[in-house]
Chemist: 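Let me begin by handing over the structure; questions about it come next.
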Amino acid sequence: MAAAPSREAIGCRTWTRMLTHTTIFLLAFLSGSNGQNAPVFVIDPQSTTARLGENVSLKCKTAPPTEVLWMYDNLPIVSNTSYEIRSDEVSGEHEIIIKGISMRRDGPYRCRTQDTTTKPVNSQSAQVTVIVAPSDIKLLPFNPSTVVQENMETSLTCRVSGGKPAPHIEWFKDQDRMETGGETQVEPSDETRIENVTSTLKWTPTRGDHEKHVYCTASHQALLDGPLRAETLLNVEFAPSVKIVSVPETVKEGDAVTLQCLADANPYIDLKFRWTKNGLPMTDVFSGSLHIDAAQRSERPAVYSCEATNKVGTGTASYSLDVHYPASFFSMPEVVGADVHQEAFLNCNVDSNPKADITWEKAGQVVGREATLQIRTQSDRDFGVYQCVATTRLGQVRKEVKLLQKGPPFISAEASVYAEQKQSSVQIKCVSNGLPLVHSVRWTTPQGRLVNPYVDPRMEVSQEALADRVISKLTIKDVRKEDFGLYNCSANNAYGLNERLIPLKETDWLMPIIVGSACGGVALLIILVVSAVCCFTRCRTHNRLKQASDTSGSTAASDDLDHKSANGPHGVLHGMYNASNDSLADGKCNGWNSGTTGRTTNGLLNGVHPYTIQEGYGRKDPQNYYTRYADYEQEYNPNSFLGLPVMYTPTMSMEGMQAEQEGSRDPSPYHASGLPKVEPFHKCLMEMTLRFMSDRCLDPSHEVTHLAKE
């Protein structure tokens, strides 16, 4: 089918016809004047294209009407099965129909007049072009799936056969046109001018091209159903791309953790894994997963690397295990010393993950928010206990730091130390408190000699320095009699010297204490029994008095009895009371006289004794906030072991000890160990028991006459 002419072509033809008609008119006029009438073509055949096998129509027209001859490549055409010629002698219109045009009918066509009286006239030539659709398209080498490697140049060839004119070839990747295009070659196949076209595409695939479709298309005007297409599926082989993920993502100390090595690779089936920790190979892991039973903070700087390898290459990824753990303090001094009007620095060293928020507090008030607290001491109020508070989302911890005022050492020690002769060893402790720490601690024996282990191997001195004190221990081996007495512990620092006397006593009081304790237990049992009897008796007496009052109403019998008679119960107890040869007036045990010292049982019960408790024990220093070592009184006090009050074994004052050693001390009811003697103590205890029985059981206000009558 011939192509439709454009508007420009139609306009051009209209003007051509007008000019032609004008020319014919002039020629006819001139011919008429000469007696001749020469024909001309008012319509020329038009060039056209046709698909192979289509019918093609060409037309021409003469004026005046005359016979014409159709010419093909300057050869006359006769009507046959391939051509059909139509003519209208009246109008002068002529038409030739080319039936089922073939490639051999492709070429120029024209009309020629056959008037014998005039010279033949030729029309314009019309080119008939036969177009042939491509018959085949394919990729070379043909494969439904094409294997290529990442970053290696690859080529594909697209061959289109049987097209006329040559088809137009384009390359696509999925829906995207490949702008790089390709090299195209046109190869004529034979004299029919049918052409074969070959296009070669060259490009470098990436892993993103994996499993994408690459295809070529052949576009041609003769293709009624659209372009031809040939495609292949890309199988891009590439080295592993590795990524490590942690399960769980947030790791806390003690959690079980799995590190997964995720590899994107092709081919994947032959993938091999290799793990390293801080650059050192882990020979016990060969899979893509690494399991850690319990993550520790020591794992925090650990860097794990995973290598994945296939036939194309190797991919590597690293992962720093971030273990979260709560805040903890390290390398922090417990105490810091400073002088008044001096700057002090308190450091809060915190180890945590994530990083902790730090605040400093004193007496519940925030005084700083940095790791280092700078304090300018102005008075005693600036000293005391400061707290470093470290807070993370895992919790909060606190650490106390004491800011102490520097000064001379304060010495605390045991109230007294006890040992036996020939004991294997005994140890005496001396604690020097305060800052700055003492330079040295010196021990002196009761004989006034400086303790020197090189001179006397039986004595050894050890020393332990703590944050705010130095503990010195004197160990005496193979205890002898001359070892008992007062030991002097002296210590000094840059601010002064202090010393303390510590007595070492011989323990020969064990049996008297046991006997006294047994007597005390018996007396307590008597008190309980008598109290029960008295209560029972008073209840019965009250009931009987009530019954007697109801029956007789007589009270004469009560005048006949004397409630102080020796025959009555009160008289019996009164006799026992007098038998003690002492009185218990005013609740005092006067029979237990201390002699010239003037100390009585009442004084003993009220805490008065021949020894004085050393001043300052058991108190907290208001300035430096440490407790003096009064607990040594309990630790080294045999009475506390036997269940007796600690006040019976106080520390002897220095004056009392010296007087005792010099033999000038007044006689005392106390044993040499500092305890009361058993016999006076027992006697007083019996007197107190009788007094208790007299007061509780036989109250003179009771109606005891009724009990006497019974």
Side-chain angles (χ1 to χ4, degrees), residues 1-132 164-165 191-194 221-222:
M1 180 181 294
S6 63
R7 292 183 178 180
E8 292 80 1
I10 294 174
C12 184
R13 289 177 184 177
T14 302
W15 282 102
T16 302
R17 288 176 181 177
M18 293 175 64
L19 290 174
T20 301
H21 292 164
T22 303
T23 302
I24 292 172
F25 175 78
L26 291 175
L27 289 174
F29 176 79
L30 292 174
S31 298
S33 64
N34 294 330
Q36 298 178 354
N37 189 11
V40 295
F41 287 96
V42 294
I43 296 177
D44 292 318
Q46 301 298 313
S47 297
T48 185
T49 60
R51 295 181 181 88
L52 184 67
E54 289 183 339
N55 293 336
V56 180
S57 174
L58 298 175
K59 295 180 180 181
C60 67
K61 183 178 181 180
T62 63
T66 184
E67 294 183 2
V68 298
L69 180 66
W70 287 95
M71 306 293 290
Y72 168 68
D73 198 14
N74 294 325
L75 296 175
I77 300 174
V78 296
S79 183
N80 56 30
T81 56
S82 298
Y83 298 99
E84 180 182 352
I85 299 175
R86 301 174 182 176
S87 298
D88 187 349
E89 296 179 355
V90 176
S91 64
E93 293 181 357
H94 304 276
E95 180 182 11
I96 183 171
I97 299 175
I98 307 170
K99 298 179 179 179
I101 192 170
S102 64
M103 291 297 300
R104 295 181 181 275
R105 302 291 184 262
D106 181 278
Y109 289 83
R110 71 181 63 188
C111 291
R112 176 180 291 181
T113 63
Q114 294 184 359
D115 189 354
T116 58
T117 61
T118 60
K119 184 180 178 179
V121 178
N122 293 321
S123 69
Q124 293 182 0
S125 177
Q127 181 69 34
V128 176
T129 302
V130 179
I131 58 175
V132 180
K164 181 182 178 297
E191 69 280 0
T192 60
R193 291 172 290 178
I194 295 178
Q221 54 187 334

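Computed from a predicted model, the values in this text were never measured in an experiment. We use all heavy atoms of the structure for the numbers below, so side chains are in, but hydrogens, waters and symmetry mates are not.
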Chemist: Which atoms form the tightest heavy-atom contact between Val78 and Ile85, and what is the distance?
Modeler: C-CD1, 4.3 Å

Chemist: Atom CG of Leu52 and atom OG of Ser102: how far apart are they, to the nearest 0.5 Å?
Modeler: 7.0 Å

Chemist: Would you give the length of the straight line joining atom CE of Met71 to atom CD1 of Ile96, rounded to the nearest 0.5 angstrom?
Modeler: 11.0 Å

Chemist: Rounded to the nearest 0.5 Å, what's the gap from CD1 on Ile131 to NZ on Lys164? Could you check?
Modeler: 8.5 Å

Chemist: To the nearest 0.5 angstrom, please state how far the CD1 atom of Ile98 sits from the CG atom of Asn55.
Modeler: 9.5 Å

Chemist: Measure from the side-chain N and O atoms of Asp73 to the backbone N and O of Pro108, and report whether any donor-acceptor pair falls under 3.5 Å.
Modeler: no

Chemist: Looking at Ser123, is its backbone amide N or carbonyl O close enough to the side chain of Asp44 to form a donor-acceptor pair, meaning the two atoms are under 3.5 Å apart?
Modeler: no

Chemist: Between Gln46 and Leu58, what is the shortest heavy-atom contact and its length?
Modeler: O-CD2, 3.4 Å

Chemist: Return each pair, listed once, that meets side-chain hydrogen bond (donor to acceptor under 3.5 Å, both in side chains) where at least one residue sits in residues 86-96; pairs must be two or more places apart or across chains.
Modeler: Ser57-Glu95, Glu84-Arg86, Ser87-His94, Asp88-Ser91

Chemist: Assess the residue pair Asp106 and Thr129 against the criterion (side-chain contact (heavy atoms from CB on, under 4.5 Å)); give the C-alpha distance rounded to whole Å, side-chain angles, the decisive distance to 0.1 Å, and a yes or no.
Modeler: CA-CA 5 Å; Asp106 181 278; Thr129 302; 3.9 Å; yes

Chemist: Decide yes or no on side-chain contact (heavy atoms from CB on, under 4.5 Å) for Thr62 and Val40, but give the supporting numbers first.
Modeler: CA-CA 5 Å; Thr62 63; Val40 295; over 6 Å; no

Chemist: Quick one: closest heavy-atom pair of Arg51 and Gln221, and the distance?
Modeler: NH2-O, 3.3 Å

Chemist: First locate atom SG of Cys60, then atom CH2 of Trp70, and finally report the distance between them rounded to the nearest 0.5 Å.
Modeler: 4.0 Å

Chemist: Can you see which heavy atom on Tyr83 is nearest to which on Ser79, and at what distance?
Modeler: O-OG, 3.5 Å

Chemist: Could you work out, with salt bridge (Lys or Arg N to Asp or Glu O under 4.0 Å) as the rule, every residue matching Glu67, not counting sequence neighbours?
Modeler: none

Chemist: List the residues meeting salt bridge (Lys or Arg N to Asp or Glu O under 4.0 Å) with Lys59, not counting sequence neighbours, and say none if there are none.
Modeler: none

Chemist: Apply side-chain contact (heavy atoms from CB on, under 4.5 Å) to residues Phe41 and Cys111 and explain how you reach the verdict.
Modeler: CA-CA 9 Å; Phe41 287 96; Cys111 291; 3.4 Å; yes

Chemist: Ignoring hydrogens and geometry, is there a side-chain-to-backbone donor-acceptor pair from Ser47 to Ala126 under 3.5 Å?
Modeler: no

Chemist: Hey, could you give me the OH/CD1 distance between Tyr72 and Ile77, rounded to the nearest 0.5 Å?
Modeler: 8.5 Å

Chemist: Can you tell me if Asn80 uses its side chain to pair, donor with acceptor, with the backbone of Ser82 under 3.5 Å?
Modeler: yes

